[in-house]
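Presented below is the structure to which this report refers.
Index from 1, following the sequence.
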Amino acid sequence: MAQKKWISFMLLLVLMGSLLSACGGSGNTANPPKEEPKTAEPAKTEGSKDNNTALTPKDGGTITLGTFSDIVSSNPLFTSDTSSGDAINLIFSSLYDLDRQANVVVEPWSLAAEPPQISEDSKTYTVKLKPEAKWSDGKPVTADDLIFTINTVRNPEAGSPGISQFEHVDTVTKIDDHTVQIKLKQVFAPFLYSLRLQPVPYHILKDVPITELKKHPYGSKPEKTVTNGPWKWTEWKQKQFLSFDADPNYWGAKKPHIQKVIYKIYADQNTEVQALIKGDIDSVSAIPVTQLAAVQARDNLKVILAPGPQYEYMGFNFNKMNFDNKESFFAGQKTRQAIAHALNRQGMVDNILKGTGKLLNSPFLPGSWADPAETAVVYNYDVELAKKLLAEDGWKAGTDGILEKNGSKFSFELQYNTGNSRREQVAAVIQQNLKDVGIEVKPRGIDFAAWQEQNINPGKYQAVLAAWSLNDPDPNAESIFSSKFFPPNQNAGWYKNEKIDQLWVKGYSVADQNERKKVYAEIGKEITTDLPYVFMYQYGTPQGLNPRVKYAEEDRPEPGLAYGYMFRMINWWVE
């Protein structure tokens with residue numbers, strides 16, 4: 001066996017990768033910095049009262065978190081939305097965690113006992129578990145749990161959205177009860193970040209047929225969901241609330257201070273924010289820009305606002321079965337480019353996001369090491385050019401002014417999730433912008449949980465206004481843009497480009513960052529020319545906090561990370 005080395009954990013700033021459907025809400029891996037990792041700047045905070053004036057933690061009490069989207073499942077094998085991820089972060093421990101700079105680390109609450117050992121050829125990872133780690137039913141967390149989880153996720157029959165993170169695994173071998181060796185078929189540069197998984201209990205799920213795991217009560221019924229995190233799931237009233245109690249038998253060296261967590265579900269963001277202002281809830285993770293000034297005006301509330309690892313997009317569907325004439329309206333590249341030119345993205349940033357976002361032209365966040373910068377095609381707002389491209393693609397105005405081709409009017413449904421005030425406004429702008437070039441858009445808001453299950457996961461829509469929340473620091477986005485990952489995986493729009501398929505593989509098959517950067521420059525040029533999405537903007541989600549929520553400075557929320565609004569929450573307390 002090749003000599004093993006301890007990996008360095010100075011691993012690269014957060015910015016692009018494992019993906020969760022952003023409700024505002026898994027895929028693959030985010031971008032490190034161009035130079036050496038630097039300490040992140042403190043979050044921009046507003047409000048006259050700090051939340052950490054008293055630095056003596058108190059045990060007990062209840063924290064109430066607000067949301068406007070119910071969860072889909074709390075089974076980590078099948079998580080693909082942010083709300084479900086919120087719940088999972090409370091009740092499951094991860095194998096490894098991220099620090100504030102997005103370095104992969106072993107925390108007191110991580111399941112791993114030490115950093116993984118990686119072979120010299122970067123194909124073999126050896127992981128050791130903490131022997132004291134236990135499930136909420138008292139059973140130990142063992143190598144069997146980790147092996148079962150990885151083998152299930154990488155099995156296509158399971159239908160796990162995380163399959164792309166483990167498809168390169170060749171074998172998973174039990175060395176002893178707390179040691180697992182994972183061998184890859186080839187170098188997969190982002191694999192370290194894949195090891196931030198949350199294992200599920202082998203002893204509970206081992207006899208469930210793999211095709212029935214998703215429908216199993218584990219993850220949908222609190223009493224059937226054995227977990228291993230600081231809190232355990234105690235109740236779920238759908239579309240009303242979830243509740244979690246501190247597990248008195250939690251195994252970690254650090255115990256949670258907060259006794260009870262209520263996850264309260266509101267009809268929309270505006271109602272949620274009013275609940276924060278009235279003191280009914282303690283935290284809102286995504287204040288809509290329409291309400292931001294009202295929250296900032298309250299001296300007793302704290303706002304944390306900085307650019308986050310999220311980007312919004314308008315996604316096209318290429319599956320002809322979603323269209324009446326059995327032909328996607330978006331099949332023509334010039335048509336997609338025309339739509340990009342027809343959208344006033346800068347106007348959206350200026351008038352709707354109001355300082356909480358900035359334009360984005362590719363699936364790589366600006367300033368990250370993989371940002372293609374000058375190779376990406378930029379689509380400036382140009383109505384006349386949009387009309388010209390549509391005409392060149394065969395679209396002609398009908399008697400009512402709506403474009404037609406092959407006997408079909410260019411009229412499509414644009415789906416988004418209800419309760420998201422930003423998307424409601426952006427959808428209205430898209431509707432007007434495209435009307436100006438002869439395209440009829442019919443915006444349709446759908447409850448997020450239903451939308452995710454019935455439309456996004458099976459790829460049943462014509463166009464969507466959605467977002468990706470980028471979970472870790474590697475630029476590989478194969479899981480959402482490769483034809484290997486058609487529904488029920490994350491390429492929900494059925495996009496296929498063989499050149500891009502090959503480039504993703506090329507990009508993660510070498511470990512050298514400079515070589516990888518060249519590949520992502522190629523991807524940037526190709527994907528922004530072909531346009532499976534109109535890449536809209538990077539945005540931040542302002543977090544609002546009630547002053548009764550306390551934390552030490554090292555445990556403050558981190559807006560630069562996915563789920564950063566819950567960063568090190570195990571150490572928070574309430575007054």
Side-chain angles (χ1 to χ4, degrees), residues 311-323 325-346 348 359-364 372 375-397 402-406 408-416 426-427 429-443 459 461-468 477 480-483 486 491-501 503 522-537:
Y311 73 85
E312 198 123 61
Y313 64 90
M314 177 182 172
F316 304 120
N317 201 308
F318 297 89
N319 187 334
K320 62 184 181 182
M321 300 310 294
N322 288 299
F323 299 84
N325 66 343
K326 299 298 183 285
E327 181 65 37
S328 171
F329 292 141
F330 311 111
Q333 186 185 86
K334 286 187 176 181
T335 293
R336 302 192 295 276
Q337 293 173 342
I339 290 173
H341 278 299
L343 299 184
N344 186 358
R345 298 183 300 140
Q346 188 63 56
M348 297 173 194
L359 287 185
L360 173 137
N361 298 307
S362 77
F364 308 107
T375 67
V377 180
V378 177
Y379 293 88
N380 295 317
Y381 180 46
D382 191 330
V383 173
E384 293 308 312
L385 179 54
K387 290 179 179 178
K388 179 175 179 292
L389 289 167
L390 287 164
E392 290 174 1
D393 214 16
W395 294 98
K396 297 180 180 179
I402 299 174
L403 297 176
E404 298 180 356
K405 186 166 70 170
N406 299 330
S408 295
K409 288 184 178 295
F410 204 156
S411 174
F412 68 88
E413 180 180 85
L414 176 66
Q415 297 180 2
Y416 61 93
V426 170
V429 173
I430 291 174
Q431 182 182 39
Q432 183 59 55
N433 285 169
L434 294 189
K435 180 181 179 182
D436 292 342
V437 296
I439 300 172
E440 182 179 58
V441 179
K442 294 176 285 188
Y461 58 84
Q462 294 181 334
V464 293
L465 181 59
W468 286 116
I480 57 172
F481 294 115
S482 171
S483 59
F486 284 158
N491 183 355
W494 306 87
Y495 175 65
K496 183 174 183 177
N497 180 315
E498 291 182 359
K499 181 178 179 180
I500 291 178
D501 285 356
L503 284 171
E522 285 188 73
I523 292 175
K525 181 178 181 180
E526 180 67 23
I527 205 165
T528 57
T529 300
D530 204 35
L531 281 188
Y533 294 170
V534 176
F535 300 100
M536 307 283 280
Y537 40 75

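Nearest heavy atoms, Gly459 versus Asn322: O-ND2, 3.1 Å. Contact between Asn325 and Ser408 at its shortest, heavy atoms only, is ND2-OG, 3.0 Å. When all heavy atoms of Pro363 and Ile527 are compared, the closest pair comes out as CD-CG2, 3.8 Å.
Listed by chain and residue number, Arg444 satisfy the salt bridge (charged side-chain N to carboxylate O under 4.0 Å, His left out) test with Glu413 (two or more places apart in sequence, or in another chain). The ring pair (Phe, Tyr, Trp, His ring centres under 6.0 Å) test applied to Tyr416 returns no partner, not counting sequence neighbours. With sequence neighbours excluded, the residues forming a ring pair (Phe, Tyr, Trp, His ring centres under 6.0 Å) with Phe318 are Tyr495, listed by chain and number. Among residues two or more places apart in sequence or in another chain, the side chain to side chain donor-acceptor pair (under 3.5 Å) test is passed with Gln432 by Asp436. Taking Gln431 as the reference, nothing meets the side chain to side chain donor-acceptor pair (under 3.5 Å) condition, with sequence neighbours excluded. Contacts of Lys499 classified as salt bridge (charged side-chain N to carboxylate O under 4.0 Å, His left out), with partners at least two apart in sequence or in another chain: Glu526. Glu498 pairs by the salt bridge (charged side-chain N to carboxylate O under 4.0 Å, His left out) definition with nothing, not counting sequence neighbours. Under the side chain to side chain contact (heavy atoms under 4.5 Å, CB included) criterion, Tyr381 pairs with Asn344, Val383, Asn433, sequence neighbours left out. Remark: Lys405 pairs with no residue by the salt bridge (charged side-chain N to carboxylate O under 4.0 Å, His left out) rule, at least two apart or across chains. Thr375 is linked by a side chain to side chain donor-acceptor pair (under 3.5 Å) to nothing, counting only residues two or more places apart in sequence or in another chain.
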Only pairs under 3.5 Å count here: list side-chain donor-acceptor contacts from residues 328-337, not counting sequence neighbours, and write none if there are none.
unit_1, atom_1, unit_2, atom_2, d
Ser328, OG, Asn317, O, 2.7
Ser328, OG, Phe330, N, 3.0
Gln333, NE2, Asp530, OD1, 2.8
Lys334, NZ, Glu392, OE1, 2.9
Thr335, OG1, Asp393, OD2, 2.5
Thr335, OG1, Trp395, NE1, 3.0
Arg336, NE, Asp530, O, 2.8
Arg336, NE, Leu531, O, 3.1
Arg336, NH1, Phe330, O, 2.7
Arg336, NH1, Ala331, O, 3.1
Arg336, NH2, Asp530, O, 2.8
Arg336, NH2, Asp530, OD1, 2.9
Gln337, NE2, Thr529, O, 2.9

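Between Glu440 and Lys435 the shortest side-chain heavy-atom distance does not fall below 4.5 Å. At least one side-chain heavy atom of Ile439 sits under 4.5 Å from a side-chain heavy atom of Phe412. For the pair Val437 and His341, the minimum side-chain heavy-atom distance is 4.5 Å or more. Counting heavy atoms from C-beta outward, Ile523 and Phe364 have side chains that approach closer than 4.5 Å. The shortest distance between side-chain heavy atoms of Pro372 and Lys525 does not fall below 4.5 Å.
Taking OG of Ser411 as the reference point, atom CG of Leu434 lies at 11.0 Å (rounded to 0.5 Å). Once rounded to the nearest 0.5 Å, the distance linking NZ of Lys320 with CD of Glu327 reads 7.5 Å. To the nearest 0.5 Å, atom CZ of residue Phe410 and atom CG of residue Leu390 are 6.5 Å apart. In this structure, CG in Leu343 is found 5.5 Å from CE in Met536, a value given to the nearest 0.5 Å. One finds the CD atom of Glu312 at 12.5 Å from the CZ atom of Arg345 (value rounded to the nearest 0.5 Å).
Checked by atom type and distance alone, the side chain of Tyr313 never pairs as donor or acceptor with a backbone atom of Val464 at under 3.5 Å. Using modelled atom types, no side-chain atom of Tyr379 and backbone atom of Phe535 make a donor-acceptor pair closer than 3.5 Å.
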May I have the step-by-step check of side chain to side chain contact (heavy atoms under 4.5 Å, CB included) for Lys388 and Asp382, ending in yes or no?
CA-CA 10 Å; Lys388 179 175 179 292; Asp382 191 330; over 6 Å; no
Give the intermediate values and the outcome of side chain to side chain contact (heavy atoms under 4.5 Å, CB included) for residues Ile339 and Met314.
CA-CA 10 Å; Ile339 290 173; Met314 177 182 172; 4.3 Å; yes
Steps toward side chain to side chain contact (heavy atoms under 4.5 Å, CB included) verdict (Val534, Phe316)
CA-CA 8 Å; Val534 176; Phe316 304 120; 3.7 Å; yes
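Residue Lys409 qualifies as enclosed at atom NZ: its count of foreign heavy atoms under 6.0 Å is above 12.
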